[in-house]
Amino acid sequence: MKNKRLLLSALACIVSGVAGAQGIMGGHVTGNIQLDGQMSHADSVIGAEDVPEHLKLNARADILYTNGDFSAGLRFEAYQTPLLGFNAQYTGQGIAHYFVSYKAKRISVTAGHFYEQFGSGMILRAYEDRYLGLDNALLGLNVTLRPVDGLTVKALAGKQRVYWDYGNGLVRGLDAEADLNSLVKPLSDSKLHMTLGAGFVSKYEEEESIPSAADPASRLNLPLNVGAAAVRLNIDYGHFTLQSEYARKGQDPSKINDYIYRPGEALMVNMSYSRRGLSASLQAKHIDNMGFKSVRSQAGEMLFINYLPAINKQYTYASLTMFPYVTQVNGENGLQGEVAYRFKKGTLLGGKYGTDVTLNASTIYGLDTVQVGGAGTEGYTASWLGLGQHYFTDASLEVEKKLSKKLTLTAIYCYQEFNPAVEGEEPGLYHNHIVVGDLHWRVDKKHSLHFKAEWMGSDSRYAPDEGLTDRRAGDWLMGFVEWSIGTHWFLSASDQYAYNDGTGNYPSIAVGYTQGTTRLQVGYGKQREGLLCIGGVCRPVPASNGLTFSLSTSF
Amino acid sequence: MLGLLMAGTLMAQGAKLPEGVTLRTLDGKNVQSSVIQNDGKPVIISFWATWCGPCMLELKTIREQYDEWVEETGVKMFIVSIDDARTAARVKGVAEKQGWSDTGDDEFKHYYEVLLDSNREFATALNIGQDPPHTFVINGKGEIVWQHKGYQPGAEDELIEQVRNLLK
């Protein structure tokens with residue numbers, strides 16, 4: 001407790017100190033503050049539990065001091081107690097993040113906490129997602145060198161944050177990226193742009209005692225150092241783009257792969273063509289045992305060194321994200337394709353303002369594996385292109401049409417197949433049909449209205465007596481209306497209703513006010529239990545029923 | 001409390017734009033944030049993402065007026081995508097299809113400059129949370145003179161008014 005008070009007064013000192021120093025030392029103080037609160041009371045129909053402390057509160061403040069190439073910052077976080085769905089290990093408060101940094105043309109150095117990414121993140125991505133309650137910042141040293149134009153070299157070492165502590169594993173990384181058009185003179189005027197990159201990450205962890213599956217009396221001989229390497233190539237030629245990255249990981253027995261010794265492997269290829277009015281892309285992904293954590297005995301969402309995003313399209317509509325796909329880091333093969341076309345204005349389908357049509361489809365399967373043993377063995381064998389369990393498929397058609405100067409309509413139809421096995425549940429396959437209508441109406445200069453209507457028909461069922469406990473199951477109707485008044489105020493009301501399985505009715509209202517960078521939002525209503533997902537990483541959010549508020553500002 | 005926060009908002013006006021942060025161009029090149037400048041004329045920076053509805057609405061709305069804005073004020077708009085590895089590959093297609101980036105056709109006279117900030121390093125340096133859109137007006141000296149969170153229809157009129165104020 002004493003420790004916390006000390007930290008608090010240190011924070012107060014620093015904040016007032018640097019704020020006072022603004023102008024005097026020629027630097028600037030900037031920052032941002034966010035407060036999220038929640039009150040919830042029991043509701044057995046939707047499965048919301050009572051909150052005995054009445055109020056749950058997440059708060060954070062980032063303070064950044066910048067003076068020329070130099071900057072220093074810290075973040076204070078408080079979870080008293082954490083919002084529903086956040087891990088209880090966040091309970092507490094203190095300075096969670098601090099750093100000093102020097103960033104100039106040829107060199108950048110950061111000491112303290114930092115975020116970083118090599119390539120697309122397949123072997124290393126330190127990042128934060130405040131809504132998922134996920135922060136794998138590294139505490140250590142991060143250096144970036146740009147010795148000549150077109151060459152970037154990064155080197156880092158550190159330990160990862162896990163709630164209010166740090167993982168025992170030590171993470172070291174080195175990455176180089178060359179922009180060939182800047183480095184190779186004859187290519188400097190070429191229409192062909194090429195970027196080549198390569199990275200290496202190694203983690204070190206002390207020995208520990210894990211029993212072997214074959215002989216529980218014997219212990220696994222665990223590798224103390226585990227390496228992962230990746231190469232990537234990016235080609236850009238006029239309207240065409242190719243992005244690709246291939247990664248390999250050495251033997252890395254861990255809790256998430258059940259302590260098997262099979263090396264990991266991943267490939268991501270993205271091809272696209274785009275010009276005015278048309279874009280087309282095809283993306284393929286292969287993942288085989290690529291979960292890479294800095295602490296081998298940790299399950300859960302924390303302590304990942306790398307980042308493997310989901311390959312399917314990211315929607316924002318509630319019905320389309322009801323069953324979100326979660327990346328299977330232990331193995332998957334996925335494909336996504338999209339074509340978007342604009343019918344020009346003045347044509348038959350384009351009408352007066354033009355019409356946008358987007359077709360998207362994706363499909364994801366598990367690997368076709370043959371088991372060869374348990375902990376302490378290779379685990380399984382798998383072929384590259386073999387398909388195992390079907391995890392997810394979706395296909396959608398989206399039409400966006402400006403009807404008049406004031407009205408814009410978007411309509412979506414999506415067919416979706418979802419296997420709950422990706423969330424660790426009993427395998428099965430839900431078949432969902434989803435229709436979305438979205439209308440923006442700019443009433444006049446000061447007022448605008450936004451309507452959304454969504455329907456989902458699903459063969460999934462909610463029947464607790466039969467052991468079917470997924471409250472997202474069944475058929476749904478959803479409605480949403482938002483009224484914007486000027487550029488400051490908005491009022492909204494929404495409802496989500498499971499109309500034949502009795503999993504509930506979720507009405508809610510909200511009001512918000514924005515002034516400059518300050519935003520206050522207050523809501524009241526019921527929140528559906530579900531998975532909150534950002535980029536294929538998900539966090540379960542329990543049902544809640546009551547008041548929520550959020551205040552944020554940056555300065 | 002709100003009053004305090006708003007006073008705080010004023011405090012940082014005049015802060016310089018960070019120059020040493022690495023960003024990526026649509027053709028895959030690394031550049032530093034010092035490329036965000038306009039030879040002494042005003043700059044608008046808009047943080048967005050392909051999955052962000054209000055961002056798309058804002059950028060489409062401004063697109064319809066952007067040629068006029070540039071002719072009138074000389075402003076240059078940089079749109080910085082915070083799409084991460086999941087959706088970053090979509091940015092180029094969206095920008096080219098929408099007429100936001102220059103593809104060599106002559107449908108518009110002026111285009112946005114598109115940059116990628118996949119791990120939100122630049123966004124973090126500018127104290128933006130995770131919720132785009134967030135818009136800045138930068139004066140000819142590279143100082144932040146105005147910023148706004150979120151987008152509601154009509155906000156584009158306030159934005160260009162701030163740019164006009166710089167020219168007075």
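Note on naming: letters A, B, ... go to the chains in the order of the sequence lines (proteins, then strands), and numbering restarts at 1 for each one.
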(request) Taking all heavy atoms of Asp131(B) and all of Tyr131(A), pick out the closest pair and write down the distance. (result) OD2-OH, 2.8 Å

(message) Below 4.5 Å, heavy-atom pairs only: which of Gly238(A), Ser101(A), Ala280(A), Ser279(A) has the largest tally toward chain B?
(response) Ser279(A)

(message) Please evaluate residues Gln130(B) and Asp129(A) with respect to the criterion side-chain contact (heavy atoms from CB on, under 4.5 Å), reporting the C-alpha separation (whole Å), side-chain torsions for both, the decisive distance (0.1 Å), and the verdict.
(response) CA-CA 8 Å; Gln130(B) 262 172 263; Asp129(A) 194 304; 3.0 Å; yes

(message) Among residues at least two apart in sequence or on other chains, which ones pass side chain to side chain contact (heavy atoms under 4.5 Å, CB included) with Asp236(A)?
(response) His193(A), Thr241(A), Asp27(B), Lys92(B)

(request) Taking atom types as modelled, find out whether Asn119(B) and Glu116(A) have a side-chain donor-acceptor pair closer than 3.5 angstrom. (result) no

(request) Please look at Glu121(B) and chain A and tell me whether the side chain, the backbone, both or neither of the residue comes under 4.5 angstrom of a heavy atom of that chain. (result) side chain

(message) Using side-chain contact (heavy atoms from CB on, under 4.5 Å), reason through Lys105(A) and Glu19(B) one step at a time and then give a plain yes or no.
(response) CA-CA 8 Å; Lys105(A) 187 163 189 256; Glu19(B) 294 190 336; over 6 Å; no

(request) Taking all heavy atoms of Lys16(B) and all of His28(A), pick out the closest pair and write down the distance. (result) N-CD2, 4.2 Å

(message) Under 4.5 Å from any heavy atom of chain B, what part of Ser281(A) do you find: side chain, backbone, both or neither?
(response) neither

(request) Tell me, out of Arg519(A), Lys445(A), Glu338(A), who's got the most heavy-atom pairs with chain B below 4.5 Å. (result) Glu338(A)

(request) Please state whether the side chain, the backbone, both or neither of His450(A) comes within less than 4.5 Å of a heavy atom of chain B. (result) neither

(request) Please determine which of Thr144(A), Leu151(A), Thr152(A) meets the side-chain contact (heavy atoms from CB on, under 4.5 Å) test together with Asn30(B). (result) Thr152(A)

(message) Is Thr87(B) close to chain A through its backbone or its side chain, or both, or neither, when contacts mean heavy atoms under 4.5 Å?
(response) side chain

(request) Counting only heavy atoms closer than 4.5 Å, note whether Tyr317(A) contacts chain B via side chain, backbone, both or neither. (result) neither

(request) Nearest 0.5 Å please: distance from the CG atom of Asp83(B) over to the CD atom of Gln314(A). (result) 8.0 Å

(message) Is a donor from one side chain sitting under 3.5 angstrom from an acceptor on the other, for Tyr307(A) and Asp84(B)?
(response) yes

(request) Could you tell me which portion of Asp157(B) (side chain, backbone, both or neither) has an atom closer than 4.5 angstrom to a non-hydrogen atom of chain A? (result) side chain

(message) If you compare all heavy atoms of Lys97(B) against all heavy atoms of Arg276(A), which two are closest, and at what distance to 0.1 Å?
(response) O-CD, 4.0 Å

(request) Before giving the answer on side-chain contact (heavy atoms from CB on, under 4.5 Å), spell out for Arg90(B) and Lys313(A) the whole-Å C-alpha distance, their side-chain angles and the decisive distance to 0.1 Å. (result) CA-CA 10 Å; Arg90(B) 301 172 59 84; Lys313(A) 185 170 180 171; 3.6 Å; yes

(message) Looking only at heavy atoms and a cut-off of under 4.5 Å, which of Asp438(A), Asp69(A), Asn270(A) has the most pairs with chain B?
(response) Asn270(A)

(request) Return the option, out of Leu278(A), Thr316(A), Thr514(A), with the maximum number of heavy-atom pairs under 4.5 Å with chain B. (result) Leu278(A)

(request) Locate the shortest heavy-atom distance separating Gly20(B) from Arg146(A); write the atom from each residue and the value. (result) O-NH2, 3.8 Å

(request) Examine whether an atom of Leu26(B) lies under 4.5 Å from a heavy atom of chain A, and if so say whether it belongs to the side chain, the backbone or both; otherwise answer neither. (result) backbone

(message) With a 4.5 angstrom heavy-atom cut-off, is it the side chain or the backbone of Glu143(B) that approaches chain A, or both, or neither?
(response) neither

(request) Could you tell me which portion of Asp62(A) (side chain, backbone, both or neither) has an atom closer than 4.5 angstrom to a non-hydrogen atom of chain B? (result) both

(message) Looking at every non-hydrogen atom in both residues, tell me the closest pair between Ser274(A) and Glu96(B) and how far apart they are.
(response) OG-OE1, 2.7 Å

(message) For Gln152(B) and Ile485(A): C-alpha separation, side-chain torsions, deciding distance, then whether side-chain contact (heavy atoms from CB on, under 4.5 Å) applies.
(response) CA-CA 8 Å; Gln152(B) 291 187 196; Ile485(A) 309 152; over 6 Å; no

(message) Looking at Phe70(A), I want to see if its CZ is surrounded by more than 12 non-hydrogen atoms of other residues, nucleotides or ligands under 6.0 Å.
(response) yes

(request) Report the option among Gly53(B), Gly93(B), Ala88(B) that has the most heavy-atom pairs separated by less than 4.5 Å from atoms of chain A. (result) Gly93(B)

(message) Quick check for you: among His134(B), Arg120(B), Lys29(B), Gln98(B), which has the greatest number of heavy-atom pairs under 4.5 Å with chain A?
(response) Lys29(B)

(message) For Ile235(A), which atoms come within 4.5 Å of any heavy atom of chain B: side chain, backbone, both, or neither?
(response) neither

(request) Please flag which part of Tyr341(A) lies under 4.5 Å from any non-hydrogen atom of chain B: side chain, backbone, both or neither. (result) backbone

(request) Go through Asp356(A), Thr410(A), Asp149(A) and name the one with the most non-hydrogen pairs under 4.5 angstrom from chain B. (result) Asp356(A)

(message) Is it true that, when you exclude Glu68(B) itself, more than 12 heavy atoms of the residues, nucleotides or ligands shown sit nearer than 6.0 Å to its CD?
(response) no

(request) Side chain from CB out, backbone as N, CA, C, O: work out which of these in Arg125(A) comes under 4.5 Å of a heavy atom of chain B, or both, or neither. (result) side chain

(request) Could you look at Ala126(A) and say if it's the side chain, the backbone, both or neither that has a heavy atom under 4.5 Å from chain B? (result) backbone

(message) For the interface with chain B, which of Tyr115(A), Tyr102(A), Tyr273(A), Trp489(A) has the highest count of heavy-atom pairs at distances below 4.5 Å?
(response) Trp489(A)

(request) Measure Glu400(A) against the heavy atoms of chain B and call it side chain, backbone, both or neither at under 4.5 Å. (result) side chain

(message) Using heavy-atom distances under 4.5 Å, tell me whether Arg442(A) contacts chain B through its side chain, its backbone, both, or neither.
(response) side chain

(message) Exactly one of Lys402(A), Lys345(A), Lys405(A) should register a salt bridge (Lys or Arg N to Asp or Glu O under 4.0 Å) with Glu64(B). Which one does?
(response) Lys402(A)

(message) Report which part of Leu64(A) has an atom under 4.5 Å of a heavy atom belonging to chain B: side chain, backbone, both, or neither.
(response) side chain

(message) Could you measure the distance from the CG atom of Asn32(A) to the CD1 atom of Ile128(B)? Nearest 0.5 Å is fine.
(response) 9.5 Å

(message) Do the side chains of Arg24(B) and Glu177(A) get close enough for a salt bridge, i.e. N-O under 4.0 angstrom?
(response) yes

(request) Measure Gln243(A) against the heavy atoms of chain B and call it side chain, backbone, both or neither at under 4.5 Å. (result) side chain

(message) Quick check: closest heavy atoms across Ser552(A) and Lys149(B), and the distance to 0.1 Å?
(response) OG-CE, 3.4 Å

(request) Determine whether the side chains of Thr487(A) and Glu158(B) contain a donor N or O and an acceptor N or O closer than 3.5 Å. (result) yes

(request) Name the region of Ser101(B), side chain, backbone, both or neither, that has any atom closer than 4.5 Å to a heavy atom of chain A. (result) backbone

(message) Given heavy-atom pairs under 4.5 angstrom as the criterion, report whether the side chain, backbone, both or neither of Lys446(A) touches chain B.
(response) neither

(request) Would you indicate whether the side-chain heavy atoms of Ser554(A) and Gln147(B) approach each other to under 4.5 Å? (result) yes

(message) Need one label for Ala340(A): side chain, backbone, both or neither, based on atoms under 4.5 Å from any heavy atom in chain B.
(response) both

